[in-house]
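Written out below as structure tokens is the structure these notes cover.
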Amino acid sequence: MSSDRPNGPSRRSTATRGRGAPAVSGQADLNPAQRAAVQYIDGPLLVLAGAGSGKTRVITRKIAYLIGTAGIAPRHIVAVTFTNKAAREMKARVAALSSRGGTTGLTITTFHSLGLEILRRERAAAGLKAGFSLLDEQDSDALLREILRHGDDDPATADARARISQWKNDLVPPAVALSHAADEREARQARLYGEYERALRAYNAVDFDDLILRPVELLRDHAELRERWQNRVHHLLVDEYQDTNGAQYELVRLLVGVRGALTVVGDDDQSIYAWRGARPENLARLREDLPRLRVIKLEQNYRSSTRILRAANALIANNPHLFEKKLWSELGPGEPIRVVQCRDEEHEAERIVAEILQRRYGRNEGFGDCAILYRGNHQARLFEKALRAHDIPYFLSGGQSFFARTEVKDVMAYLRLLANPDDDAAFLRLVNVPRREIGPHTVEKLGGYAGSRGIGLLAACEELGLSSVLSGRPLERLRELAHWVARHVRIADREGTVEAVRSVLRDVDYDDWLREQSSSPKTAERRAENVAELVEWIARLQGDDRDASLAEIVQRLTLQDVLERQGDETGGERVHLMTLHAAKGLEFPNVYLAGVEEELLPHRSSIEADTIEEERRLAYVGITRAQRTLTLTFAARRRRFGEQISCEPSRFLAELPAKDLQWEGRDTPGDRETQRQRGRESLAGLRAMLGDDG
DNA sequence: CGGTTTCGCTTTTTT
DNA sequence: AGCGAAACCG
């Protein structure tokens, strides 16, 4: 997403983006295509927006136009993005464009948050009880493993979750999946799918995919409900439309209805999520489903120099296209694109980092103007190490999410169980965390009893009949646990979520458990910090919305509605480290694209699966992030799974225009020494500057 | 039942 | 190499 500035070259780094231009009443600062896209509100519109062509700008300006000029009430406008970050950014930019208070009621959210909102409001129709749990991917994984343990034992179901997710994204229910199964393996997966769905319902829980799937079912099957929502949405705007999957397409269609007031913005060349169900052909499908569809192309790029753009165009020309478009720019040729061969992955990291130092102290550019992009998260390690060695501040995005951490999951499980007594998945997680002397045997018995009575595990703990299968100490322990949970539910009701969490943590002495579990005091401390951070977030959420129930808070946390790491505001003067996927929508003056090798980019698995085109788009996304300089690096050898392998430069390098490339570093020792020397000098400079003598 | 060891899998990407 | 889960031992 480029900033909302008048069209033209930008010297500003991403760190200072978002300040935005002052509100403009006319549309004089838009180019003709952009203006047309903003002002066309008479029917469905598809905006094909090339990289850096100002697509977010068009959406935000259009929202302002819909409110200000077309006179549509903000509460009838819904804008949908894929990431919370994009939604946040869009909100901020719309707010900057509109007069104060003029956007009250406006909805700008993600697909998943919108789905959750619908589910919450239509809970009864969806057959969900209050406080229903939202399972993240790990939770559903654990649930599947649990089902497998009890049912048939088949390790062939390893990728069952992915398959189930696919089915859900395609709106295929278990029965249909089973009847269409191609082979026994798939049939097994389909049966597992059925059991999984039954478990979810029994647990009063939904997973991420359900946040789209279930609203679609609701809107499809209940006319009254559908009308109500269609009446609410007078104009729907969808960003990154090429990333929608089958279910999301259907959700959009159902919300828009016959009115057809829809603006979608997308770029088939930036479709990089096919692996998780995205259907770029949804762009083309719109034309069939909405005959009145108008198509507007945004082809002027305001981001990159022409060399960079030429390389991007040349690369992507090797892909088939749904829509033809050619990006152009007026920014001048700029510097050549450099291709740097490195000895190995360490050398690659060193060279890039040395160069960043050179930029910072040789040319006085900011660290924040530099980004290192790569295919897989594991590649970040080396760069982190090199950056740390030189005391360069960096910002790492992606990697293990905050909510994937054990300690955070533990606390979340407690909260889920408090909100939803049927959440057996949560119960199983915390039943012995910390140790309560309730072992697998006891849990097994409890599960059997609960199953036979058709109730949840927690409820079973309190039933008198349980004494028929359990007795003595184990029974005692289960009863204690149930009473303890009930007490905390009361605390949550009376004193709020935050107090309940604090009480839970105090009661179980969670810090002590962490100390006991962690290998070193240091990691224990880190984990305790994470827990503290979570509590802070909960406190903040409750502060924002006094009425928010425990369940709502937990749901929002699971959606990562908040948090999302230190985020943009920490940006500052830091080198940005991220995957190509995470880089989509961002821009940086200087981009280093690392590991441009066969088996890495394109990735090995994509070569095997013959999905090179998506890899090419990924490379395209990487290249088009660059504003002024672009450096592609690859290593001659690299360590994979511990063993050394030799690497070949990526085929994509051969697809770039040779005249725009400048090859470097057929590694001579002198070169290497020079780089090191430069690095040392720059490091000395940095230290002097900071007055740091450590 | 709880702690330790060993094994095996990972590294594609994530709302 | 590094991490989590099963397997094994006390």
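First the proteins, then the strands, lettered A, B, ... as listed; each starts at 1.
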Sequence neighbours left out, what passes ring-ring contact (aromatic ring centres under 6.0 Å, His included) with A/Tyr592? Give chain and number order.
-> none
Rounded to the nearest Å, what distance is computed from the NZ atom of residue A/Lys168 to the C1' atom of nucleotide B/dT15?
-> 15 Å
Taking only side-chain nitrogens and oxygens of A/Thr579, does any of them come within less than 4.0 Å of OP1 or OP2 of B/dT11?
-> no
Verify the neighbour count for atom CD of A/Glu648: are there more than 12 heavy atoms of other residues, nucleotides or ligands below 6.0 Å?
-> no
To the nearest angstrom, how far is A/Leu135 atom CG from B/dT14 atom P?
-> 21 Å
Check whether more than 12 heavy atoms from other residues, nucleotides or ligands sit under 6.0 Å from atom CZ of A/Arg121, and answer yes or no.
-> no
For A/Tyr249, is the NZ or CZ atom of A/Arg279 found under 6.0 angstrom from the centre of its six-membered ring and inside 45 degrees of the ring axis?
-> no
In whole angstroms, the gap separating C1' of B/dT14 from CG of A/Asn84 amounts to 12 Å
B/dT11 pyrimidine/purine six-ring stacking with A/His378, under 5.5 Å and 30° | yes
Sugar-phosphate only, base, or nothing, as touched by A/Arg638 at under 4.0 Å among non-hydrogen atoms = nothing
With centres under 5.5 Å and planes under 30°, do A/Phe82 and B/dT15 count as stacked?
-> no
So what does A/Phe111 touch, heavy atoms closer than 4.0 Å: a base, only the sugar-phosphate, or nothing?
-> nothing
Distance, rounded to the nearest Å, where A/Leu559 contributes CG and B/dT15 contributes P = 11 Å
Rounded to whole Å, the CG-C1' distance (A/Leu213 to B/dT15) equals 15 Å
A/Arg479: salt bridge (charged side-chain N to carboxylate O under 4.0 Å, His left out) partners, not counting sequence neighbours | none
Who are the ring-ring contact (aromatic ring centres under 6.0 Å, His included) partners of A/Tyr193, not counting sequence neighbours?
-> A/Trp167
Between B/dT15, B/dT13, C/dG2, which nucleotide has the shortest distance from any of its atoms to the side chain of A/Thr83?
-> B/dT15
Spacing of A/Arg161 atom CZ relative to B/dT14 atom C1', expressed in whole Å | 11 Å
Of the candidates B/dT11, B/dT15, B/dT14, the side chain of A/Tyr273 sits closest to B/dT14
Residues which pass salt bridge (charged side-chain N to carboxylate O under 4.0 Å, His left out) with A/Glu480, listed by chain and number, not counting sequence neighbours | A/Arg477
Ranking B/dT13, B/dT15, B/dC1 by distance to the side chain of A/Thr442, first place goes to B/dC1
Close N or O pairs between protein and nucleotides 8-10 of chain C (under 3.5 Å):
none

Please state how far atom CZ in A/Arg556 lies from atom P in B/dT15, giving the value in whole angstrom units.
-> 17 Å
Can a salt bridge be assigned to the pair A/Arg253 and A/Glu250 using a cut-off of 4.0 Å between side-chain N and carboxylate O?
-> yes
Note: for A/Arg640 and A/Asp209 on DNA chain B, the residue whose nearest nucleotide lies more 5' is A/Arg640
note: A/His603, atom NE2; B/dT10, atom P; distance rounded to Å ~ 12 Å
Go through the steps to decide whether A/Thr244 and A/Phe82 satisfy the test side-chain contact (heavy atoms from CB on, under 4.5 Å), and finish with yes or no.
-> CA-CA 9 Å; A/Thr244 52; A/Phe82 275 86; 3.8 Å; yes
Take the angle between the ring planes of A/His576 and A/Phe395 and call it parallel below 30°, perpendicular above 60°, tilted in between.
-> perpendicular
Distances under 3.5 Å between protein N/O atoms and the N/O atoms of nucleotides 3-7 of chain B, please, pair by pair.
{"unit_1": "B/dG3", "atom_1": "OP1", "unit_2": "A/Arg435", "atom_2": "NH1", "d": "3.4"}
{"unit_1": "B/dG3", "atom_1": "OP1", "unit_2": "A/Arg435", "atom_2": "NH2", "d": "3.2"}
{"unit_1": "B/dG3", "atom_1": "OP2", "unit_2": "A/Arg435", "atom_2": "NE", "d": "3.3"}
{"unit_1": "B/dG3", "atom_1": "OP2", "unit_2": "A/Arg435", "atom_2": "NH2", "d": "2.8"}

Does B/dT14 have OP1 or OP2 sitting under 4.0 Å from an N or O in the side chain of A/Asn377?
-> yes
